[in-house]
Novice: 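Just passing along the structure, written as structure tokens.
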Amino acid sequence: MKKRIALLPGDGIGPEVAESAADVLKSVAEQFGHEFEFENGLIGGAAIDAHQNPLPEETVALCERSDAILLGAVGGPKWDQNPPELRPEKGLLGIRKKLGLFANLRPVTVFESLSEASPLKKEYISGVDFVIVRELTGGLYFGEPSRQYVNEAGEKEAVDTLFYKKEEIERVVREAFKMAAGRKGKVTSVDKANVLSSSRLWRETAEEIAKEFPDVTLEHMLVDNAAMQLIYAPSQFDVIVTENMFGDILSDEASMLTGSLGMLPSASLSSSGLHLFEPVHGSAPDIAGKGMANPFAAILSAAMLLRTSFGLENEAQAVEKAVAKVLADGIRTRDIARDGQYAGTHDITEKVKAALAGSNTKSIV
Ligand code: NAD
Ligand code: IPM
Ligand code: MN
């Protein structure tokens, strides 16, 4: 199979983990007889530095002529005082909107050998296996107006808007139901319908979509309760679907069930078939440039890319098994380390490649 992958490393640890994921994909290509052509593009702070634009036109064009997109992370203190339009985060939000990446899948899977890495007791996290489906191109992140201004009395004010069209809710909720139909058959729709109008529309829309999937159970949960239930009884969940910002917050919280934010991959899906894959974490300025970033979230995002964009299920599983093997061998980055023993990003990547090569998983063709 011949495919073109757009690689958008971004800022901070973004380039470090993106390189790991690309390296693993190159090993997959070699081992399974595929041809993956990588082309790098600028996004975020790196693009601001080079072009005064967090999302240059050429980056969009590169994505559009690719078969899939792999992104590291964007942002950092260097650009934190920039005006809103010149923030790195604007680049990420821009590419999501531009490509219509409306459904962000954030699987929360606990690797058996990492069960002691979570701050939660083992019995709480055993059996945890759910997916957060985060709406990604609407809600509080994109509603207008959104600005800071000075009112008539000369006082500073600011406004953001939580806006949804019904069809934006329908398409992401439908995606969640489709996922649940192939899993444990349960959707938890998370909202704040006791307060927010947008959540009441969300809830009634979820009820309508549920009728299309008679074999899937729908439950509603208020977001504050959901934040508690994720810690109290996380194994109750199968597919969680929720508004953009709720999903952002709940997924960072949920990452600690797996041991680290550095373990959580994601896939952002469009209806055009061009999808973007990125770790859930950010650019981690506190550890950037030190070679100690956990690359598993990025590597597992690459596995999602193989499965979702290229339909390469065997290859995706080979990557996931290689990650599981490295973890079972006790090899860890610092964020998930045991007994103060840890390896760097590069060494871990090499171990994953070695595990992949030793897996004897060969392509059928
Ligand atoms: P962050 O996710 O970058 O880091 C939070 C904490 O988790 C830090 O202590 C960091 O060291 C740790 N961490 C994150 N990823 C890790 C990894 N792979 N290995 C080991 N430790 C890891 O969140 P933040 O500090 O709130 O934000 C930093 C910058 O990243 C901000 O500019 C923010 O806007 C940006 N950000 C970008 C994305 C993205 O590109 N998708 C996501 C979140 C935050
Ligand atoms: C994420 C990040 C982004 C978001 C930021 C950097 C815009 O936190 O991908 O989770 O909030 O969506
Ligand atoms: Mn986030």
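Any value given below was found using the heavy atoms of this structure, including those in side chains, with hydrogens, waters and symmetry copies removed. Keep in mind that this is a model prediction, so the values were computed, not measured. Ligands are counted one by one from 1 in listed order, and the atoms in each one are counted from 1 as well.
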Novice: Could you work out, with side chain to side chain contact (heavy atoms under 4.5 Å, CB included) as the rule, every residue matching E30, not counting sequence neighbours?
Specialist: none
Novice: Which residue owns the protein heavy atom closest to atom 9 (O) of ligand 2, what's the atom, and how far is it?
Specialist: R96 NH2, 2.7 Å
Novice: Give me the nearest non-hydrogen protein atom to atom 7 (O) of ligand 1 as residue plus atom name, then the distance to 0.1 Å.
Specialist: L261 CD2, 4.0 Å
Novice: Considering non-hydrogen atoms of the protein only, which is the closest contact for atom 8 (O) of ligand 2, and what is the distance?
Specialist: D248 OD1, 3.3 Å
Novice: Considering non-hydrogen atoms of the protein only, which is the closest contact for atom 25 (O) of ligand 1, and what is the distance?
Specialist: P285 CD, 4.3 Å
Novice: Nearest non-hydrogen atom to atom 4 (O) of ligand 1 belongs to which of A288, G14, G75, A284?
Specialist: A284
Novice: Consider every N or O of S283 and every N or O of ligand 1, then say whether any pair is closer than 3.5 Å.
Specialist: yes
Novice: Using side-chain contact (heavy atoms from CB on, under 4.5 Å) as the criterion, point out the one residue from V352, T349, L356, I299 that pairs with V326.
Specialist: V352
Novice: Is there a salt bridge (charged side-chain N to carboxylate O under 4.0 Å, His left out) between D160 and R147 once you walk through the steps?
Specialist: CA-CA 7 Å; D160 293 291; R147 62 190 176 98; over 6 Å; no
Novice: Under 4.0 Å, heavy-atom basis, I'd like to know which part of M292 is in contact with ligand 1: side chain, backbone, both or neither.
Specialist: neither
Novice: Please list the nearest protein heavy atom to atom 34 (O) of ligand 1 with its residue and the distance rounded to 0.1 Å.
Specialist: E89 OE2, 2.5 Å
Novice: Please confirm whether K90 approaches ligand 2 to less than 4.0 Å, judged on its heavy atoms.
Specialist: no
Novice: For the Mn ion (ligand 3), which protein N/O/S atoms fall under 2.8 Å? Skip waters.
Specialist: D248 OD1
Novice: Could you find the nearest protein heavy atom to atom 11 (O) of ligand 2 and give me its residue, atom name and distance?
Specialist: Y141 OH, 2.5 Å
Novice: Side chains of S283 and D11: is there a donor and an acceptor less than 3.5 Å apart?
Specialist: no
Novice: Report yes if some N/O of D286 lies less than 3.5 Å from some N/O of ligand 1; otherwise report no.
Specialist: yes
Novice: Can you find an N/O atom of G76 closer than 3.5 Å to an N/O atom of ligand 1?
Specialist: yes
Novice: So, Y232 versus Y124, ring centres under 6.0 angstrom or not?
Specialist: no
Novice: Which option, R106, H281, E89, owns the non-hydrogen atom nearest atom 1 (C) of ligand 2?
Specialist: R106
Novice: For atom 19 (N) of ligand 1, is the nearest protein heavy atom closer than 4.0 Å?
Specialist: yes
Novice: Which is closest to atom 21 (N) of ligand 1 in terms of heavy atoms, I43, N294, I287?
Specialist: I287
